[in-house]
Number of protein chains: 2
Amino acid sequence: LSAIHQQVRRTIRRHALVPTGARVLAAVSGGSDSVALAWVLRELSDSGDLDLAGLAHLNHQLRPAADRDEQFCRDLAKRLGVPIDVGTRDVKGFAAAERLSLEDAARRARYAWLEETADRRGAAWIAVGHTQDDQAETFLFKLVRGAGATGLGGIYPSRGRIVRPLLDLTRADLRGFLAERGECWVEDETNADLRNPRNLLRHVILPGLEEALGLPARRAMARAAGLMAEDARWLDELAARRFDEVAFATGPGLELDADALRGDPLPVARRVVLKALRCQSPGREIGLDHVQAAMDVLSGAATAAEVPGSRVELRGGKLVLVQQKVASASTT
Amino acid sequence: LSAIHQQVRRTIRRHALVPTGARVLAAVSGGSDSVALAWVLRELSDSGDLDLAGLAHLNHQLRPAADRDEQFCRDLAKRLGVPIDVGTRDVKGFAAAERLSLEDAARRARYAWLEETADRRGAAWIAVGHTQDDQAETFLFKLVRGAGATGLGGIYPSRGRIVRPLLDLTRADLRGFLAERGECWVEDETNADLRNPRNLLRHVILPGLEEALGLPARRAMARAAGLMAEDARWLDELAARRFDEVAFATGPGLELDADALRGDPLPVARRVVLKALRCQSPGREIGLDHVQAAMDVLSGAATAAEVPGSRVELRGGKLVLVQQKVASASTT
């Protein structure tokens with residue numbers, strides 16, 4: 001097995017992504033990452049590590065090259081000797097109907113369709129092609145935008161039945177692997193549009209950072225992001241359990257046991273407060289500032305705080321979230 | 001009080017940095033951050049928030065302008081009407097004797113001298129002038145260098161008796177504050193040397209990132225770094241307690257209870273393993289790779305791992321760190 005296969009095998013074992021011999025569906029877009037994913041999984045299927053159920057490609061009908069990409073994936077499946085499922089979804093219509101961004105709508109439609117397809121193919125697991133580059137880009141992007149009220153998340157090796165066996169490899173590793181075998185892939189022309197801040201990060205800022213510092217910054221960032229995601233996931237679980245112990249619904253509002261929270265470690269208390277603010281204002285963006293403002297009320301550094309959808313006050317040993325009347329989402 | 005004072009007061013309360021009325025020594029270099037610190041603390045001393053014991057300036061005798069900076073700080077203390085302690089240390093000699101980098105030697109000499117000075121002045125607390133900019137720069141610098149085997153640390157609002165009340169303000173905020181009052185400061189000429197990767201980050205990469213994305217990236221990064229430092233600090237404490245339960249010294253080596261560790265949440269288990277590797281090889285750099293290699297042995301993804309100073313194996317329910325003979329530090 002090649003070095004790439006060995007790394008993928010290590011990633012699968014390290015995070016217990018797929019039990020030996022389990023049936024896996026590979027999601028493919030036609031880009032280099034997912035094409036490499038398909039090849040690696042086909043060979044790990046031959047060696048008995050897992051059982052590749054086939055490929056799955058969703059045509060989002062968004063880009064001019066969408067049909068070319070679909071045809072490329074059909075040909076890829078033929079060369080690999082595995083079945084392929086191709087679906088189409090009207091992402092534009094879905095986005096308009098659900099008031100979602102195109103990107104968000106495409107992602108939701110894709111994952112929903114992948115789940116259905118995996119069920120149909122009898123695959124317990126769905127592999128997607130995220131790499132170290134995606135991890136580093138996502139992390140830096142969230143970081144500079146101030147997103148993430150309790151940490152930065154990052155891309156998890158697994159989430160439900162979705163698994164990401166390429167998360168310890170770079171895009172360059174995978175393109176090298178494909179080039180060595182004379183395999184090709186398609187380029188998503190929208191990735192080159194530098195008006196998109198994410199593409200700017202990918203093609204200009206991150207390579208510039210590495211060149212200026214002479215360091216493999218993406219690899220280092222991806223690793224750190226992976227570890228911080230692991231930390232955050234466990235802290236989020238702890239906080240979810242703690243929330244059930246200290247939060248009480250009070251008709252229109254929510255109360256938290258302030259004394260209990262003050263005794264909790266800050267990483268847990270902060271996440272409990274975030275969860276409470278989110279419960280009060282579903283669908284609204286709760287940011288770091290809002291959590292900090294509520295924590296200031298808890299610590300006595302402030303007497304009250306206004307956050308989206310609620311007013312936060314301290315009343316007789318309780319941190320009280322008083323629901324505020326807000327204009328409905330459709331009129332704002 | 002100005003907006004700057006109010007923010008400093010909020011930071012002090014938020015992190016319980018200094019009890020009301022407590023005696024604080026302000027460390028000053030003569031740069032804009034510490035000069036602003038001295039002014040803000042003088043006024044918070046007048047308003048009774050705390051009791052400014054005076055300024056403290058260490059002349060490291062490293063830069064041509066060191067004596068100019070010392071004189072500037074003496075004049076500053078006169079204008080503020082507070083006492084100043086000035087010390088000198090032969091940092092070059094100390095670095096050579098202890099085989100430290102100049103930067104590391106300067107930092108150690110400075111903190112040691114600050115502690116002595118604070119004792120002499122009867123100050124329980126020592127305030128230093130780190131800002132949001134320092135937080136963002138340190139975080140990004142550690143991030144791209146792959147440092148931090150269990151997270152990225154970041155700059156803590158307090159560490160022992162050292163407190164950092166400016167950590168929620170930017171350098172630009174502080175320079176604006178000084179300029180408004182017609183106050184000046186000295187520039188450290190070595191900060192302009194772009195051959196230093198840290199200065200490159202500060203003066204080129206971070207401003208470039210903000211301009212390209214049109215976002216206040218430093219502020220966002222500093223906030224996220226502060227929260228992650230809070231998470232990491234608590235997880236480190238948990239792991240230190242857990243280490244005492246699961247680690248056993250075995251003459252030349254160290255054993256960890258593998259079954260217990262496997263049942264622990266990953267963020268804790270990973271930190272326990274890091275602590276064990278560090279115990280085995282004091283003074284040697286233990287990186288992410290080494291921790292991951294040992295974790296792979298624990299999970300069964302690998303049978304053994306070589307890390308600096310030890311070999312890691314699984315033997316009868318124990319993760320065993322076998323000390324390896326190594327060349328002494330002076331010959332490598």
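The sequence lines fix the lettering, A, B, ..., with proteins before strands; numbering per chain opens at 1.
Contact of A/V204 with chain B is not made at all, since no heavy-atom distance falls under 4.5 Å. If you measure heavy-atom distances from A/L238 to chain B, the contacts under 4.5 Å come from the side chain alone. At a 4.5 Å heavy-atom cutoff, the contact between A/L201 and chain B is made by side-chain atoms alone.
Heavy-atom pairs under 4.5 Å with chain B were tallied for A/I12, A/V268, A/D289, A/L140; the largest tally goes to A/D289. Counting heavy-atom pairs closer than 4.5 Å to chain A, the top residue among B/S299, B/A217, B/A301, B/P265 is B/P265. For the options A/E237, A/R13, A/R14, heavy-atom pairs under 4.5 Å to chain B are most numerous at A/R14.
Across all non-hydrogen atoms, the minimal contact from A/L17 to A/S158 is CD2-CB, 3.8 Å. The two residues B/A222 and B/Q135 have their closest heavy-atom pair at O-CG, 3.5 Å. Residues A/L209 and B/V144 come closest through the heavy atom pair CD2-CG1, 3.6 Å.
At least one test fails for B/R164 against the ring of B/Y156: distance under 6.0 Å to the centre or angle within 45° of the axis.
Between the side chain of B/Q132 and the backbone N or O of B/R223, no donor-acceptor pair lies under 3.5 Å.
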